[in-house]
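Keep in mind that the numbers below use all heavy atoms, side chains included, and drop hydrogens, waters and symmetry copies.
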Amino acid sequence: MERYGRILTKRKREIVLLRGKGCVYKKCAFCDYHFDSCSDEDENFRLNSEVLSQVTGEFSDLEIINSGSVFELDGNTLTLIKRICLDKNIRTLHCESHYLFRDRISDLRRKFEGIDLKMKLGLETFDYDLRENVLKKGIPDKDAGVISEHFDEANFLFGIRGQNVRTMKEDICLGLENFERICLNVMCENTTDIKPDTQVISDFMREVYPLYADNPRVDILVNNTDFGVGD
């Protein structure tokens, strides 16, 4: 599995895929990333240390992802991340978190004081019915301002049944109004029961993608199984 990458389009950054104890939530109906986990913190730290040793700091911008939330990484890994940021002059650090950890984000910002910490939320959509009754995201709030209060960035999931051009555009517009940056992920086949809808994906590529392909605040992952690749 590739765990280190460099993204050279739009916001240039290094990106690493680390391993933690696994997603605590594990209820998202579309996600099987939580299989990338290990209960042995020492083994996780050993692996994460190897991955992080590849970070050069060339862009002063680092993105950390793992199968769950940054809060599920072991303490030694978090300490190492901070040390690498300081040693490599990395000024901006991006981490992901599930909404259920939102009240812990302020403490994490204090831990990484001196580094511009950008927290990303896996929101997927503002459509409450689709998000909670189909995707099972576990985000009880409906107001966009409330949802975004603790987060700087957000992931959106496109290309599934129940979406259309209008709803996807609405998600993007609301996303740009409430977050600094957004990432549009096109659904890929995986082991879950949520499957890509080829018509919705076709509509996205034809009518939505061209509108935002050059927007510097919008990352687009058309094939998010390719680690570190995106517009």
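Atom NZ of residue Lys136 and atom CG of residue Leu130 lie 11.0 Å apart, to the nearest 0.5 angstrom. To the nearest 0.5 Å, the span separating CE on Met168 from SG on Cys173 amounts to 12.5 Å. Between the CG atom in Asn76 and the CG atom in Asp42 there is a gap of 8.0 Å [rounded to 0.5 Å]. Summarising the geometry, atom CG belonging to Leu17 is positioned 5.0 Å from atom CD1 belonging to Ile65; distances are rounded to the nearest 0.5 Å. The distance from the CG atom of Asp36 to the CZ atom of Arg3 is 4.0 Å, given to the nearest 0.5 Å. Note that the CZ atom of Arg19 and the CG atom of Leu47 stand 4.5 Å from one another [nearest 0.5 Å].
A salt bridge links Lys195 to Glu189: at least one charged side-chain nitrogen sits closer than 4.0 Å to a carboxylate oxygen. Ion pairing between Arg11 and Glu63 holds under the 4.0 Å rule for side-chain N and carboxylate O. Residues Asp152 and Arg109 are paired through a salt bridge, judged by an N-O separation under 4.0 Å between the basic side chain and the carboxylate. A salt bridge does not link Glu113 with Arg110: every distance from a Lys NZ or Arg NE/NH1/NH2 to an Asp or Glu carboxylate oxygen is 4.0 Å or more. Taking the charged nitrogens against the carboxylate oxygens, Arg181 and Asp219 do have a contact shorter than 4.0 Å, which makes a salt bridge.
Under the 3.5 Å distance criterion, the side-chain polar atoms of Glu132 are matched with a main-chain donor or acceptor of Ile139. Checked by atom type and distance alone, the side chain of Asn185 never pairs as donor or acceptor with a backbone atom of Asn155 at under 3.5 Å. Within the 3.5 Å criterion, the main-chain N or O of His98 finds no donor-acceptor partner in the side chain of Tyr25. In terms of modelled atom types and a separation under 3.5 Å, the side chain of Lys10 and the main chain of Asn215 share a donor-acceptor contact.
A continuous path of ILVMFWY side-chain contacts below 4.5 Å connects Val146 to Met119, so both sit in one hydrophobic cluster. Residues Ile194 and Tyr128 fall into different hydrophobic clusters, defined by Ile, Leu, Val, Met, Phe, Trp and Tyr side chains chained together at heavy-atom separations under 4.5 Å. A single hydrophobic cluster is seen to contain both Val222 and Leu211, as judged by linkage of ILVMFWY side chains at heavy-atom distances under 4.5 Å, directly or through other members.
Each of Lys118, Arg217, His94 was scored for a side-chain hydrogen bond (donor to acceptor under 3.5 Å, both in side chains) with Glu153, with one residue passing: His94. For the side-chain contact (heavy atoms from CB on, under 4.5 Å) with Thr77, the qualifying choice from Leu73, Leu80, Thr79 is Leu73, the only one to do so. With respect to Ile81, the side-chain contact (heavy atoms from CB on, under 4.5 Å) criterion is satisfied by exactly one of Leu18, Val55, Asn48: Leu18.
Looking at residues two or more places apart in sequence or on another chain, you find a side chain to side chain donor-acceptor pair (under 3.5 Å) between Thr192 and Asn190.
Atom CG of Asp87 has more than 12 neighbouring heavy atoms from other residues, nucleotides or ligands inside a 6.0 Å radius. Other residues, nucleotides and ligands contribute only 12 or fewer heavy atoms inside 6.0 Å of the CG atom of Asp214. Other residues, nucleotides and ligands contribute over 12 non-hydrogen atoms within 6.0 Å of the NZ atom of Lys111. Around the NZ atom of Lys142, the shell of radius 6.0 Å holds no more than 12 heavy atoms that belong to other residues, nucleotides or ligands.
Taking all atoms of both residues into account, the shortest heavy-atom contact from Cys85 to Ile115 is CB-CD1, 3.5 Å. Shortest non-hydrogen contact noted between Lys120 and Cys183 is NZ-CB, 4.1 Å. Across all their heavy atoms, Gly22 and Ser37 have their closest contact at CA-CB, 3.4 Å. Between Pro210 and Arg206 the shortest heavy-atom distance is CG-O, 3.5 Å. Looking at every heavy atom in both residues, Leu174 comes nearest to Ala144 through CD2-CB, 4.2 Å. The shortest heavy-atom contact between Ser60 and Asn89 is OG-O, 3.2 Å.
Residues Gln54 and Val16 fail the side-chain proximity criterion, which asks for heavy atoms closer than 4.5 Å. Considering only heavy atoms from C-beta on, Thr125 stays 4.5 Å or farther from Leu157 through its side chain. No side-chain heavy atom of Val24 sits less than 4.5 Å from a side-chain heavy atom of Ser69. The shortest distance between side-chain heavy atoms of Asp127 and Val134 does not fall below 4.5 Å. Considering only heavy atoms from C-beta on, Ile182 stays 4.5 Å or farther from Leu123 through its side chain. Between Ile172 and Lys169 there is no side-chain heavy-atom pair separated by less than 4.5 Å. Residues Met205 and Ser202 fail the side-chain proximity criterion, which asks for heavy atoms closer than 4.5 Å. Proximity of Lys88 to Thr56: side-chain heavy atoms (C-beta onward) are nowhere separated by under 4.5 Å.
For residues 51-89, the pairs satisfying ring-ring contact (aromatic ring centres under 6.0 Å, His included) are Phe71-Phe101, with sequence neighbours left out. Contacts classified as ring-ring contact (aromatic ring centres under 6.0 Å, His included) and involving residues 131-179 (residues at least two apart or in different chains) are given here: Phe126-Phe156, Phe158-Phe204.
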task: List the steps, then state whether side chain to side chain contact (heavy atoms under 4.5 Å, CB included) holds for Asp61 with Ile7.
output: CA-CA 10 Å; Asp61 196 316; Ile7 297 179; over 6 Å; no
message: Using side chain to side chain contact (heavy atoms under 4.5 Å, CB included), reason through Gln163 and Asp197 one step at a time and then give a plain yes or no.
response: CA-CA 9 Å; Gln163 294 177 316; Asp197 186 305; over 6 Å; no
query: Where do Val165 and Val208 land on the side chain to side chain contact (heavy atoms under 4.5 Å, CB included) test, with the steps shown first?
result: CA-CA 7 Å; Val165 170; Val208 181; 4.2 Å; yes
